[in-house]
Amino acid sequence: QVQLVQSGGGLVQAGGSLRLSCVASGRTFSEYAMGWIRKAPGKEREFVAAIRRSGSITYYSDSVKGRFTISRDNAKNTVYLQMDSLKPEDTAVYFCASPRLSDTYYRPLTDLASYDYWGQGTQVTVSS
């Protein structure tokens with residue numbers, strides 16, 4: 001059974017930083033891509049960032065590029081989202097997610113339909 005357990009998040013002032021973590025279990029973490037998606041009140045879910053199994057290929061939405069950094073530690077079965085220069089519009093519930101298929105079977109990670117397993121979500125609130 002695949003489980004994604006998130007930690008981090010909270011309340012921060014604009015311009016501040018937060019780091020989210022997501023620990024995966026139930027399968028060989030290093031074989032799977034990982035992503036971060038967010039859901040703001042009244043808005044659709046939005047792709048934020050993703051990383052291939054090797055960690056050498058990453059993707060970002062235009063809204064976070066240059067401010068957020070996704071990384072992974074395959075030895076710890078963990079993916080991170082470092083969020084810097086936070087803005088009030090970054091306020092949302094953040095989810096880590098992963099495809100069912102291993103990264104051998106290429107999935108477009110910017111497409112939310114590629115994700116089958118989801119973390120429990122964590123609130124990030126940025127005050128102005």
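Side chains are part of it too, since the values below use all heavy atoms of this structure and drop only hydrogens, waters and symmetry mates. Each residue takes its place number in the sequence, starting with 1. Keep in mind that what you see is a predicted model, and the values were worked out from it rather than measured.
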Colleague: Just how far is it from atom OH of Tyr80 to atom OG of Ser71, taken to the nearest 0.5 Å?
Modeller: 7.0 Å

Colleague: Could you check whether Ser102 and Arg27, counting side-chain N and O atoms only, form a donor-acceptor pair closer than 3.5 Å?
Modeller: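 No - no donor-acceptor pair under 3.5 Å links their side chains.
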
Colleague: Distance from Thr122 atom OG1 to Arg38 atom CZ, nearest 0.5 Å?
Modeller: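 Those atoms lie 14.0 Å apart.
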
Colleague: Hey, could you give me the CH2/CD distance between Trp36 and Glu46, rounded to the nearest 0.5 Å?
Modeller: 15.0 Å

Colleague: Taking the side chain as every heavy atom from C-beta outward, state whether Arg45 and Val93 have any atom pair closer than 4.5 Å.
Modeller: no

Colleague: When you look at Phe47 and Tyr59, which way does the side-chain contact (heavy atoms from CB on, under 4.5 Å) test go after all the steps?
Modeller: CA-CA 10 Å; Phe47 169 78; Tyr59 309 86; 3.9 Å; yes

Colleague: Tyr115 side chain to Met34 main-chain N or O, any donor-acceptor pair under 3.5 Å?
Modeller: no

Colleague: Let's go through Glu31 and Arg53 carefully: what are the C-alpha distance in whole Å and the side-chain angles of both, what is the deciding distance for salt bridge (charged side-chain N to carboxylate O under 4.0 Å, His left out) to 0.1 Å, and is it a yes or a no?
Modeller: CA-CA 6 Å; Glu31 295 182 1; Arg53 61 180 175 176; 6.0 Å; no

Colleague: Scan residues 57-72 for pairs that pass salt bridge (Lys or Arg N to Asp or Glu O under 4.0 Å), counting only residues two or more places apart or in two chains.
Modeller: Asp62-Lys65, Arg67-Asp90

Colleague: Please test Val48 against Leu81 for side-chain contact (heavy atoms from CB on, under 4.5 Å), starting from the C-alpha separation and ending with a verdict.
Modeller: CA-CA 10 Å; Val48 175; Leu81 185 67; 4.2 Å; yes

Colleague: Is the side chain of Thr28 donor-acceptor paired with the backbone N or O of Ser30 at a distance under 3.5 Å, no angle test?
Modeller: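 Checked: no pair found.
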
Colleague: Carefully, step by step, assess Thr125 and Gln123 under the rule side chain to side chain donor-acceptor pair (under 3.5 Å).
Modeller: CA-CA 6 Å; Thr125 302; Gln123 178 70 45; 3.3 Å; yes

Colleague: Please name the pair of heavy atoms, one in Ile57 and one in Ser54, separated by the smallest distance, quoted to 0.1 Å.
Modeller: N-OG, 4.4 Å

Colleague: For Lys39, does the NZ atom sit with more than 12 other heavy atoms under 6.0 Å from it, leaving out its own atoms?
Modeller: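 Yes, NZ of Lys39 has more than 12 neighbouring heavy atoms, counting only those of other groups under 6.0 Å.
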
Colleague: Using the side-chain contact (heavy atoms from CB on, under 4.5 Å) rule, take Val79 and Leu20 through it: C-alpha gap first, then chi angles, then the decisive distance, then the call.
Modeller: CA-CA 8 Å; Val79 63; Leu20 305 182; over 6 Å; no

Colleague: For the side chain of Ser63 and the backbone of Ser61, is there at least one donor-acceptor N/O pair under 3.5 Å apart?
Modeller: no

Colleague: Shortest non-hydrogen contact from Ala97 to Ile37?
Modeller: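 That would be CB-CD1, 3.9 Å.
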
Colleague: Should Ile51 and Val5 be regarded as members of a common hydrophobic cluster, given that ILVMFWY residues are connected when their side-chain heavy atoms come within less than 4.5 Å of each other, either directly or indirectly?
Modeller: no

Colleague: Walk me through it: do Tyr60 and Ile70 pass the test side-chain contact (heavy atoms from CB on, under 4.5 Å)?
Modeller: CA-CA 9 Å; Tyr60 296 94; Ile70 188 171; 3.4 Å; yes

Colleague: For residues 6-19, run the donor-acceptor check on the side chains, cut-off 3.5 Å, and write out each pair with its distance to 0.1 Å, sequence neighbours left out.
Modeller:
unit_1, atom_1, unit_2, atom_2, d
Gln6, OE1, Cys96, N, 3.1
Gln6, OE1, Gln120, N, 3.4
Gln6, OE1, Gly121, N, 3.0
Gln6, NE2, Tyr94, O, 2.8
Ser17, OG, Asp84, OD1, 2.7

Colleague: If you measure only the distance, is there a donor-acceptor pair under 3.5 Å linking the side chains of Arg100 and Tyr32?
Modeller: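 Arg100 vs Tyr32: no donor-acceptor pair found between side chains.
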
Colleague: Working to the nearest 0.5 Å, report the span between OG of Ser85 and CZ of Phe68.
Modeller: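 Result: 9.0 Å between the selected atoms.
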
Colleague: Tell me whether Ser114 contacts the main-chain N or O of Leu109 through its side chain, where contact means a donor paired with an acceptor under 3.5 Å.
Modeller: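 Flag not set: sc Ser114 to bb Leu109 has no pair under 3.5 Å.
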
